[in-house]
There are 2 protein chains.
Amino acid sequence: MSENKNETADRSEGPASGASQARRRAGSQAIDEVQRVFESLRNAVLDQRLPPGLQLKEQALADAFGVNRAVVRQVLSRLEVFRLVSHEPNRGVFVAHPSAAEGRDLFTARRFIEAAIVELAVERLRDADIERLRALVKREQQAYADGDLRKALRLSIDFHTKLADAVGNTVLAAFLDEIVTRTPLVVLAHRKASQPTCALSDHAQILDAIAARDVERAKALMIEHVGHLQGRLALDPGAKRSDSNIARLLGLDAVDNPI
Amino acid sequence: MSENKNETADRSEGPASGASQARRRAGSQAIDEVQRVFESLRNAVLDQRLPPGLQLKEQALADAFGVNRAVVRQVLSRLEVFRLVSHEPNRGVFVAHPSAAEGRDLFTARRFIEAAIVELAVERLRDADIERLRALVKREQQAYADGDLRKALRLSIDFHTKLADAVGNTVLAAFLDEIVTRTPLVVLAHRKASQPTCALSDHAQILDAIAARDVERAKALMIEHVGHLQGRLALDPGAKRSDSNIARLLGLDAVDNPI
DNA sequence: GACTACAATATTGTCAACAATCAGGTGCAG
DNA sequence: CTGCACCTGATTGTTGACAATATTGTAGTC
């Protein structure tokens, strides 16, 4: 049911890897192409490789992924539904540049959603589920220890989505997935300084509380954890104006060319 | 180059109260066509005019709405993202037939989301907002009194979405909107008997509790209200199997032709 | 020198024809 | 009568060409 599985090994966007047009004679060749391209772009967002404001040109994407422009068009349409890009008629689609207000809404919603998930987790998770999540947290901490920040960030994200999956409510899992996917764009647009996006691993503690079936503590820890994340961003109402051009370009060349 | 500040985004557009497409931008004729057709179909779902399982053929829709097949295709793609239709490759798209499990997930999620919205409503709503909502409830009760069930149902739905809008969190509002839009399909697929879908108007009481800034009572009432709604459906785990064809067809001819 | 009008280019949006695939029916053989 | 191969009509999927639009560059004028 859930169309997004972050299980897929991060093959990134391998531009020409699509050149291997493995014609599966099973019908609908391009229909899973849409899936593939969508996942690639979603992964790029999650890894913070797509700077807000960047224009995504149809032909360039089509060439890069070795697909038709129609496929790209469909992917962009889906990305727009998830607010990952914004579409300006007759001008093109641009990587979304979420406002501070949108960032605040996102985090506020996230607190509620994560609290709900934790609440269900306490009453539903089996020991096997918890063990699996513990292993995930361990890998995350190892990645931090190894200094592999990108991998650690990704595993940190995976913890939240996997926890949601484990709870078994597809709707809440999908909502959290959407929030989590949109968050990196908020981070890029409103990071306070050169803060690491996710440092301390509160995840282990949260898991402990869930294992101990301590609802209130688990919820409190999770809400605090989300608060930590938000605290590294500048989302205050009167804060710095969203800038229009220069700041965005400054942010742009700080990241290597994504495509 | 290219200043694009996308602050205001339009996503699921609110309840779509009619065809108020006053702004007529020169370009992009068909792009708001997509919007229009999407809203029409979404309204059809909200009014329970689309029986789960019905096939939506591209050419038929194109003819019915007087648009290109490409437009229809884009609309169907968006509907699929919202789980309002299900797409079977090389076969077509069909009005979604949510399983009982999906229905349960939907209602469980809804309880959390509505509770969150109520919680924010208590601390954020101004008197003017509450007055506006009271007027809405009044119209709803009047519709019931007039025996206009369809209108009453629609106003009842509007109460929830408008309350979410008033709270001002775009993310939570969008989530509730998605839930509310998917619910009618669950109702059609799993209605217990010939139950009216929404009878008693707890809405007034909920509003009173919000106006009195009584968070706990407001939340409790809202959760109870959602529980009432769910109670009219047969979503129990071991309940009647989701059937595959016959029940779907039975549900089909019970409703007049949707297009 | 700055501003406007205009041409050139690049990009998006639209459309219809073509190909691939599936559902249903027909006829033949057993 | 039943089962299987095949044919036929209908529907979806794909592609490329064409039109509409915005952006950039250039020249001309005040």
Would you tell me whether [X] and [Y] have side-chain atoms, one donor and one acceptor, within less than 3.5 Å of each other?
X: N169(B); Y: R104(A); value: no
X: R111(B); Y: Q230(B); value: yes
X: D63(B); Y: Q59(B); value: yes

Give the rounded distance in Å between these two atoms: CD of Q74(A) and P of dT15(D).
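In whole Å, dT15(D) P and Q74(A) CD are 12 Å from each other.
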Rounded distance (Å) that lies between atom P of dA10(D) and atom CG of D63(B)
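Atom-to-atom, D63(B) to dA10(D), this comes out as 14 Å.
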For dT14(D), take OP1 and OP2 only and decide whether either is under 4.0 Å from a side-chain N or O of N68(A).
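Checking N68(A) against dT14(D): no side-chain N or O falls below 4.0 Å of OP1 or OP2.
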Suppose we screen for side-chain hydrogen bond (donor to acceptor under 3.5 Å, both in side chains). Which residues come up paired with D105(A), at least two apart in sequence or across chains?
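Checked D105(A) against side-chain hydrogen bond (donor to acceptor under 3.5 Å, both in side chains); matches are T170(B).
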Scan nucleotides 5-12 of chain C against the protein and return all N/O pairs shorter than 3.5 Å with their distances rounded to 0.1 Å.
{"from": "dT11(C)", "atom 1": "OP1", "to": "K57(A)", "atom 2": "NZ", "distance (Å)": "3.1"}
{"from": "dT12(C)", "atom 1": "OP1", "to": "E58(A)", "atom 2": "N", "distance (Å)": "3.3"}
{"from": "dT12(C)", "atom 1": "OP2", "to": "E58(A)", "atom 2": "N", "distance (Å)": "3.3"}

With L56(A) as reference, evaluate V75(A), V72(A), V95(A) under the side-chain contact (heavy atoms from CB on, under 4.5 Å) test and give the passing residue.
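Answer to the side-chain contact (heavy atoms from CB on, under 4.5 Å) test with L56(A) among V75(A), V72(A), V95(A): V95(A).
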